[in-house]
Amino acid sequence: MTQLQSAEITGIVAEAGRLAAELYVFPEIGARIAARLDEALAEGRYARAEDAEALGRLVTEDLQSVNGDRHLRLKFHPAAIPTEQEDGAVLAELTRAADLSLGGVPRIERLEGGVALLKLAPILFPLDMTGDALNAALTLVARAEALILDLRECVGGHPYTTAHICGHLFDEPTHLSSLYDRETDAEQQFWSPAMAPGPRFGGSKPLYVLISKATFSGGEALAYDLQQHGRAVVIGEPSGGGANPRRGFTLHPHLEATIPTARSINPVSGGNWEGTGVIPDTETDPARAHETAHRAALAEVARRAGDTPSASAEEARRALHGTAQAGPTGADARL
């Protein structure tokens with residue numbers, strides 16, 4: 001890759017600082033971040049950057065040095081990124097990721113006891129991009145006795161997609177979150193819709209959400225919203241801690257400044273998961289979260305059935321008592 005010239009570095013860093021000062025959701029912090037970039041530029045810190053990737057790494061360190069916001073980045077893209085529109089880089093990246101992940105639904109599986117596993121990764125894609133795949137998956141799991149939603153590798157997503165998914169997991173319209181936007185100085189509310197296309201899993205059956213430290217941004221939003229409303233049991237380890245939605249600006253053919261311009265506000269907690277991550281209800285090694293959730297789901301399916309004859313409940317009891325193998329290795333029947 002071509003070595004960056006001094007004037008080019010100065011222009012990129014100055015624009016990153018301007019965007020932080022003018023758009024970052026917390027104005028005082030944005031001003032401090034811009035001052036830090038100016039100081040580092042004057043000190044010659046960025047002169048040692050041999051290429052765009054190295055500059056992105058150095059500037060990202062300084063962008064995040066004030067408050068640790070992991071959405072604040074000068075992100076390097078190996079492939080050239082679009083320059084004609086805001087967020088052009090992320091849209092191109094989303095298109096590639098959607099094609100590789102079957103529309104963001106890489107796994108659907110039936111486990112013993114009538115429990116369904118639905119993995120959403122790597123992104124909760126915009127509905128106009130992968131809505132058909134998502135609706136098909138949600139329709140398939142609607143019949144399950146319990147649902148495990150695997151978000152351990154979900155690193156982002158769109159708030160409308162989060163609301164759409166929740167429309168299948170609540171019985172009534174529910175205020176999930178609000179976004180405060182600095183530019184408009186206003187909040188936008190997000191609710192689960194009253195209607196869902198096709199059958200819905202509903203708001204009463206057992207629901208478990210798996211997270212890891214890799215779970216980030218939109219993936220965290222879905223886990224947090226469900227947890228705060230008491231709709232799901234969250235299992236795994238604390239997530240990445242990114243609750244401030246970002247906008248993207250191309251500053252170089254391979255560098256995108258990502259600037260958080262809003263913050264999430266949950267109507268139950270009054271706050272969000274920025275910095276702390278979503279804290280699981282049951283903390284365990286993410287590699288074992290699947291097994292932990294499945295056993296909890298089996299116990300709940302068996303308990304809810306009581307003395308009422310049920311094929312799923314009987315299967316759950318056998319799995320719990322070891323006469324059928326519970327967990328991912330014994331679950332090869334696909335939905």
Side-chain angles (χ1 to χ4, degrees), residues 23-26 67 69-72 87 90 94 104 118 120-131 134 138 147 149-152 154-196 200-203 207-211 215-234 236 238-247 258-281:
L23 297 177
Y24 188 59
V25 62
F26 302 111
N67 68 340
D69 190 331
R70 290 177 57 199
H71 275 114
L72 264 170
D87 284 326
V90 74
L94 286 178
L118 173 59
L120 300 178
I123 298 286
L124 305 179
F125 294 100
L127 293 173
D128 60 357
M129 185 177 292
T130 61
L134 182 60
L138 291 167
L147 175 61
L149 192 60
D150 187 352
L151 302 178
R152 288 175 293 181
C154 187
V155 299
H158 196 284
Y160 285 112
T161 305
T162 296
H164 181 79
I165 294 168
C166 287
H168 288 261
L169 304 175
F170 288 92
D171 293 325
E172 302 292 338
T174 301
H175 180 196
L176 302 169
S177 65
S178 298
L179 286 180
Y180 168 78
D181 184 82
R182 172 183 172 178
E183 187 173 14
T184 62
D185 192 28
E187 291 183 14
Q188 179 182 5
Q189 293 186 352
F190 292 88
W191 289 65
S192 64
M195 303 294 292
R200 67 172 86 194
F201 180 76
L207 175 63
Y208 304 87
V209 176
L210 312 184
I211 63 171
T215 310
F216 193 64
S217 192
E220 294 178 285
L222 178 54
Y224 191 81
D225 291 347
L226 292 169
Q227 181 190 57
Q228 292 302 310
H229 282 283
R231 179 62 191 94
V233 176
V234 178
S239 57
N244 300 327
R246 44 80 96 197
R247 290 162 60 186
T258 70
I259 309 295
T261 59
R263 61 184 173 90
S264 181
I265 305 170
N266 183 271
V268 178
S269 70
N272 59 43
W273 60 95
E274 177 66 28
T276 64
V278 180
I279 306 303
D281 301 298

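Note: Thr161 OG1 to Leu222 CG = 10.0 Å, rounded to the nearest 0.5 Å. One distance of note links CG of Leu72 with CD1 of Ile259; it measures 5.5 Å at 0.5 Å rounding. Within the model, atoms OH of Tyr208 and CG of Leu147 stand 10.5 Å from one another, a figure rounded to the nearest 0.5 Å. How far CZ of Arg246 is from CG of Leu23: 13.0 Å, rounded to the nearest 0.5 Å. The distance from atom OG1 of Thr261 to atom CZ of Arg247, rounded to the nearest 0.5 Å, is 5.0 Å. Considering CG of Leu151 and CG of Leu210, their distance stands at 7.5 Å, rounded to 0.5 Å.
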Original post:
Between Leu207 and Leu169, does a side chain to side chain contact (heavy atoms under 4.5 Å, CB included) hold up when you go through it step by step?
Top reply: CA-CA 8 Å; Leu207 175 63; Leu169 304 175; 4.0 Å; yes
### Message
Please determine whether side chain to side chain contact (heavy atoms under 4.5 Å, CB included) holds for the pair Arg200 and Phe170, giving the CA-CA distance in whole Å, both sets of side-chain angles, and the decisive distance to 0.1 Å.
### Response
CA-CA 9 Å; Arg200 67 172 86 194; Phe170 288 92; 5.6 Å; no
query = Between Tyr180 and Asp185, is a side chain to side chain contact (heavy atoms under 4.5 Å, CB included) present by the stated rule, with each step listed?
reply = CA-CA 7 Å; Tyr180 168 78; Asp185 192 28; 2.7 Å; yes
Could you walk me through whether His229 and Val268 pass the side chain to side chain contact (heavy atoms under 4.5 Å, CB included) check?
CA-CA 7 Å; His229 282 283; Val268 178; 3.7 Å; yes
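Side-chain atoms of Ser239 do not come within 3.5 Å of backbone N or O of Ile211 as any donor-acceptor pair. Using a distance-only test at 3.5 Å, with no hydrogens or angles considered, a donor-acceptor pair links the side chain of His175 to the main chain of Ser177. Checked by atom type and distance alone, the side chain of Glu274 never pairs as donor or acceptor with a backbone atom of Asp69 at under 3.5 Å. Formation of a donor-acceptor pair under 3.5 Å by the Asp181 side chain with backbone atoms of Ala186 is not found in this model. Judged purely by atom type and a 3.5 angstrom limit, Trp273 uses its side chain to pair as donor or acceptor with the backbone of Gly242. Between the side chain of Asp281 and the main chain of Val233, no donor-acceptor pair closer than 3.5 Å is present. When atom types are taken as modelled, the side chain of Glu220 and the backbone of Ser217 share a donor-acceptor pair closer than 3.5 angstrom. Checking side-chain atoms of Arg70 against main-chain N and O of Gly240 turns up a donor-acceptor pair under 3.5 Å.
Here the closest non-hydrogen pair linking Leu226 and Cys166 is CD2-SG, 4.0 Å. Across all their heavy atoms, Gln227 and Ile279 have their closest contact at NE2-O, 2.8 Å. Contact record, Ser192 with Glu172: OG-O, 3.5 Å, taken as the closest heavy-atom pair. Residues Arg182 and Tyr24 approach most closely at NH1-O, 2.6 Å, considering heavy atoms. A pairwise comparison of heavy atoms in Ile165 and Leu120 identifies CD1-CD1, 3.8 Å as the closest pair. The nearest pair of heavy atoms linking Ser264 to Asn272 is O-ND2, 2.7 Å.
For the residue pair Ser269 / Tyr224, a side-chain donor-acceptor distance below 3.5 Å is found, with atom types taken as modelled.
No more than 12 heavy atoms of other residues, nucleotides or ligands sit less than 6.0 Å from atom OH of Tyr160. Counting heavy atoms of neighbouring residues, nucleotides and ligands inside a 6.0 Å radius, atom CD of Glu183 does not exceed 12 of them.
Aromatic ring pairs are classed by plane angle as parallel below 30°, tilted from 30° to 60° and perpendicular above 60°; the pair His164 and His168 is perpendicular.
In this structure the side chain of Pro280 reaches within 4.5 angstrom of the side chain of Pro238, judged on heavy atoms. Between Val155 and Ile123 the shortest side-chain heavy-atom distance falls below 4.5 Å.
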